[in-house]
2 protein chains.
Amino acid sequence: MDGKKVTLRDLALQAGLSVNTVSRALKDKEDIAAATRQMIKDLAKEMGYVGNALAGSLRSGLTKTIAVIVSDVANPHFGIMVKEIEKAARKHHYTIFVINTEDDHELEERAIYTAIGKNVDGILICPSQRSADTIRILKKNGVPFVLIGRRFEDEPEFDYVICDDEKGGYLAAKHLLESGHERVLYLNGPSRISSARERLAGFLRAYRETGLPVREDLIIEVEPTAGDTRKIVKQLIEQKADFTGIFAFNDVIAWEAVYVLQKYGYRVPGDYAVIGFDNIQSRMFLPFQLSSISNSKGKMSKRAVDILLHKINHPGAKESYRDVIDTALILRDSTKPSGRGDG
Amino acid sequence: MDGKKVTLRDLALQAGLSVNTVSRALKDKEDIAAATRQMIKDLAKEMGYVGNALAGSLRSGLTKTIAVIVSDVANPHFGIMVKEIEKAARKHHYTIFVINTEDDHELEERAIYTAIGKNVDGILICPSQRSADTIRILKKNGVPFVLIGRRFEDEPEFDYVICDDEKGGYLAAKHLLESGHERVLYLNGPSRISSARERLAGFLRAYRETGLPVREDLIIEVEPTAGDTRKIVKQLIEQKADFTGIFAFNDVIAWEAVYVLQKYGYRVPGDYAVIGFDNIQSRMFLPFQLSSISNSKGKMSKRAVDILLHKINHPGAKESYRDVIDTALILRDSTKPSGRGDG
DNA sequence: TTGTATGCGTTATCAA
DNA sequence: TTGATAACGCATACAA
């Protein structure tokens, strides 16, 4: 009973019918005798027929497959996005490839070629952004795609779904400033990433509103994948850098910063106020209450899938999509002013 | 320049050669004039040819694709596994489908059918284990697969890679018992899951060794995906259940338990000692030091991929694989005896 | 109601 | 060294 994949041909041979008849019976076409149809269906079940979507795809040109290209699924932010994307895609009978780029330009390019080679119907990509050339390959090959989480300001033809990074940066900085933290360390992502630039813009806007001087030396770029947050925060502490608040590009960096501060015996809140970005703790109930900026990953993911499917199903259409999902301030203990008391 | 996908036929037409020649040139076959080969390669690059792996797959029967079926990529444990699997697979020029089952039997079955339908060369699956029937479909269709993280004791034909769950349970319980926690709450996973049963066996072995009585009422099953850990721990606290140590089936459950304890004003360590499983914090530097059992997710993932690829490349072979990766106790603050002092 | 022929893009085989 | 042809498994159009 075990063995090779069962094909339509196997069923046809067994049933003494033509491949075509079997195919139509399984597809519930009208022009098949009810008895024949039932017989074939029973046989298919009995023989464990599953069907070869590939062969059909070759004809139709559609694979019901999309590729999701991100830096790292192990990062909870992307893990959550991928989960939501998969769920939304599955609802529409799509299956997803997941390819990690580790934010590496070459891996990203390879990922894109792989996706095209596998004939995906579309691609959702969070680009590493070392250059837009890679993405242009997609346009050249006529593969529908939507950027997610990051955008290219100077490429009006690239559709995207992002969150309101500028507002998020603004809200975070404003909150720290209003809580009395005038010297804020901003552990930002690399400036090649659009969201890092935009969050910084919001951060600076908040500073401008207060009239306080911006401390350029406290705006530091961190590689999110490399995990050098620890090294940098250690250095800053050793150097006795002068800050009382930290705004981190994402929650992972924020956690790591607090991790180091705690190792040095500092307390958060209390000695330092820390706020992250992504609000991962709305889904993971960690025993540390980190304030954060929520960016509705569920909504972003679903929206990106919707747009992508629309583009897939309306190849001619010339609309463009620039969706910016709202961000909001989520307060938890890590920025509580009363932190010093702790009790 | 934008537009449809470039095919071999397009290249052939442009070059004034046959499709076949173009194909062989691009594949670096020997029997092609060097000049012709170069010309075709240049042309391919110029026209942005990417190739249609699908069509090739139809012929060869191989798709260079594997499916990874897990309960939930957003769970860091699976996120890390998927990342490692993808990396290992990519090294061998394989691409992965990721499908979440939410530990649901029907979704799992659909996932398997989807994978077979897409003609994956093999499947890595962490089965929901409501029944092995679903998995048998794979055998029936001759699709190579390897179970990962869970096994079916009564199905000797199913290959697996798991970690030493029994030992892990034993180490965790022993550590708590030796630290003076005689009443340990075990927030276990559902008993349908093999790893939950095996961790419990280890847990009980540690108890037996001490001669202490096992408190059956403190062994409680929690649904990992549903997030009902909070509800259950709340209830236990309200009921003033009698325990001082907690062993959790995984780190996510452990975090959540501590989260609730902290909400009630309890301290970990100090009032309670807590240990998890999976040692996720070897990769995520959280500001809470959770002791845990490490299970070498990287090693497990790589091993599973290796076995799967071996099975794919040696369809006849009748070896079986039952790999059990070692587990180890990783101590952090959450089980520190000096916790009460807190420095 | 069922069967035959054709094509999807690629590769393998064999002939030229 | 190159080209023609068949085949992979399925779906469509059309013929029977």
Side-chain angles (χ1 to χ4, degrees), chain A residues 3-41 43-44 47-65 113-114 116-121 141-143, chain B residues 4-41 43-44 47-65 113 116-121 141-143:
Chain A
K4 297 250 51 79
K5 265 199 77 164
V6 181
T7 69
L8 280 185
R9 193 166 162 280
D10 297 328
L11 293 184
L13 245 53
Q14 186 69 26
L17 291 166
S18 75
V19 168
N20 166 301
T21 304
V22 174
S23 168
R24 291 208 319 285
L26 293 176
K27 290 259 162 202
D28 275 327
K29 301 271 179 182
E30 284 308 313
D31 55 355
I32 290 283
T36 310
R37 183 184 318 175
Q38 197 52 52
M39 184 266 274
I40 291 176
K41 284 193 170 182
L43 185 64
M47 296 181 63
Y49 174 75
V50 176
N52 183 345
L54 235 64
S57 298
L58 193 55
R59 276 210 107 256
S60 66
L62 291 178
T63 53
K64 287 281 182 184
T65 298
Y113 277 113
T114 300
I116 300 177
K118 301 264 183 194
N119 275 35
V120 298
D121 294 343
N141 277 274
V143 181
Chain B
K4 298 251 47 80
K5 268 198 73 164
V6 181
T7 69
L8 280 184
R9 195 168 161 278
D10 297 328
L11 293 183
L13 246 53
Q14 187 68 25
L17 291 165
S18 77
V19 167
N20 173 304
T21 304
V22 175
S23 167
R24 291 209 317 285
L26 293 176
K27 291 262 164 200
D28 276 326
K29 302 271 178 184
E30 284 309 314
D31 55 356
I32 289 283
T36 311
R37 183 184 322 179
Q38 197 52 51
M39 183 266 274
I40 291 177
K41 284 193 171 182
L43 183 65
M47 295 181 64
Y49 174 74
V50 175
N52 184 346
L54 233 63
S57 299
L58 190 57
R59 273 219 111 254
S60 65
L62 291 178
T63 53
K64 287 282 184 184
T65 298
Y113 278 113
I116 300 177
K118 301 263 181 195
N119 273 35
V120 299
D121 294 343
N141 277 274
V143 181

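So you know, we letter chains A, B, ... as the sequences are listed, proteins then strands, and number each from 1.
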Checklist line | Closest approach of B:L26 to B:A44 (non-hydrogen atoms, all atoms of both residues) | finding: CD2-CB, 3.9 Å
Next item on the list: Indicate yes or no: at least one non-hydrogen side-chain atom of A:V22 is less than 4.5 angstrom from one of A:L43.
Entry: no
Notebook entry, point to check: Checking all strands, does B:G61 fall into the base, sugar-phosphate, or nothing category for heavy-atom contacts under 4.0 angstrom?
Noted result: nothing
Checklist line | For A:K41, side chain to side chain donor-acceptor pair (under 3.5 Å) partners two or more places apart | finding: A:D28
Note to self: Could you tell me the boundaries of the chain B footprint on DNA chain C, defined by atoms under 4.0 Å from its heavy atoms?
What the structure shows: C:dG9 to C:dT13
Item checked: Gap between atoms CG and P, on B:L62 and D:dG9 respectively (whole Å) -> 12 Å
Margin query: We want to know whether A:K118 and A:T65 form a side-chain donor-acceptor pair, criterion being a heavy-atom distance below 3.5 angstrom.
Written below: no
Item checked: From B:L11 atom CG to B:S23 atom OG, the distance as rounded to the nearest 0.5 Å -> 10.5 Å
Notebook entry, point to check: So what does B:L17 hit on the nucleic acid, given a heavy-atom distance under 4.0 Å: a base, only sugar-phosphate, or nothing?
Noted result: sugar-phosphate
Next item on the list: Heavy atoms only: give me the nearest A:L58-B:A55 pair and the separation to one decimal.
Entry: CD1-CB, 3.9 Å
Checklist line | Nearest-0.5 Å distance that lies between atom CG in A:N141 and atom CD1 in A:I116 | finding: 4.0 Å
Next item on the list: Figure out the CG/P separation between A:L26 and D:dG9, and round it to whole Å.
Entry: 16 Å
Item checked: Heavy-atom side-chain contact between B:I40 and B:I32 under 4.5 Å -> no
Item checked: Residues within residues 28-35 of chain B bordering DNA chain D, heavy-atom distance below 4.0 Å -> B:D31, B:I32, B:A33
Next item on the list: Report the nucleotide, chosen from D:dC10, D:dC8, D:dG3, that has the shortest atom-to-atom distance to any side-chain atom of A:N52.
Entry: D:dC10
Checklist line | End-to-end axis angle, where each axis spans five pairs of the helix from C:dT1-D:dA16 to C:dA16-D:dT1, to 10° | finding: 50°
Margin query: For A:V50 and B:S18, find the nucleotide of DNA chain D closest to each by heavy atoms; which residue's nucleotide sits nearer the 5' end?
Written below: B:S18
Next item on the list: Mind calculating the distance between CG (A:L58) and P (D:dA7) to the nearest angstrom?
Entry: 17 Å
Note to self: Enumerate the side-chain hydrogen bond (donor to acceptor under 3.5 Å, both in side chains) contacts for residues 51-61 of chain B, please, sequence neighbours excluded, ordered by first and then second residue.
What the structure shows: A:N119-B:N52
Margin query: Distance check needed: D:dT5 P versus B:L8 CG, whole Å only.
Written below: 18 Å
Next item on the list: Return the value, rounded to whole Å, for the distance between atom NZ of A:K27 and atom P of D:dA11.
Entry: 4 Å
Margin query: Going by the rule side chain to side chain donor-acceptor pair (under 3.5 Å), which residues pair with B:T36 if we only count those two or more places apart in sequence or in a different chain?
Written below: none
Notebook entry, point to check: What closest approach, in Å, do B:A12 and B:S18 show between heavy atoms, and which atom pair accounts for it?
Noted result: CB-C, 3.8 Å
Notebook entry, point to check: Which nucleotide sits closest to the side chain of A:T7: D:dG3, D:dA7, D:dC10?
Noted result: D:dC10
Check: Base, sugar-phosphate, or nothing for A:T36, non-hydrogen atoms under 4.0 angstrom?
Finding: sugar-phosphate
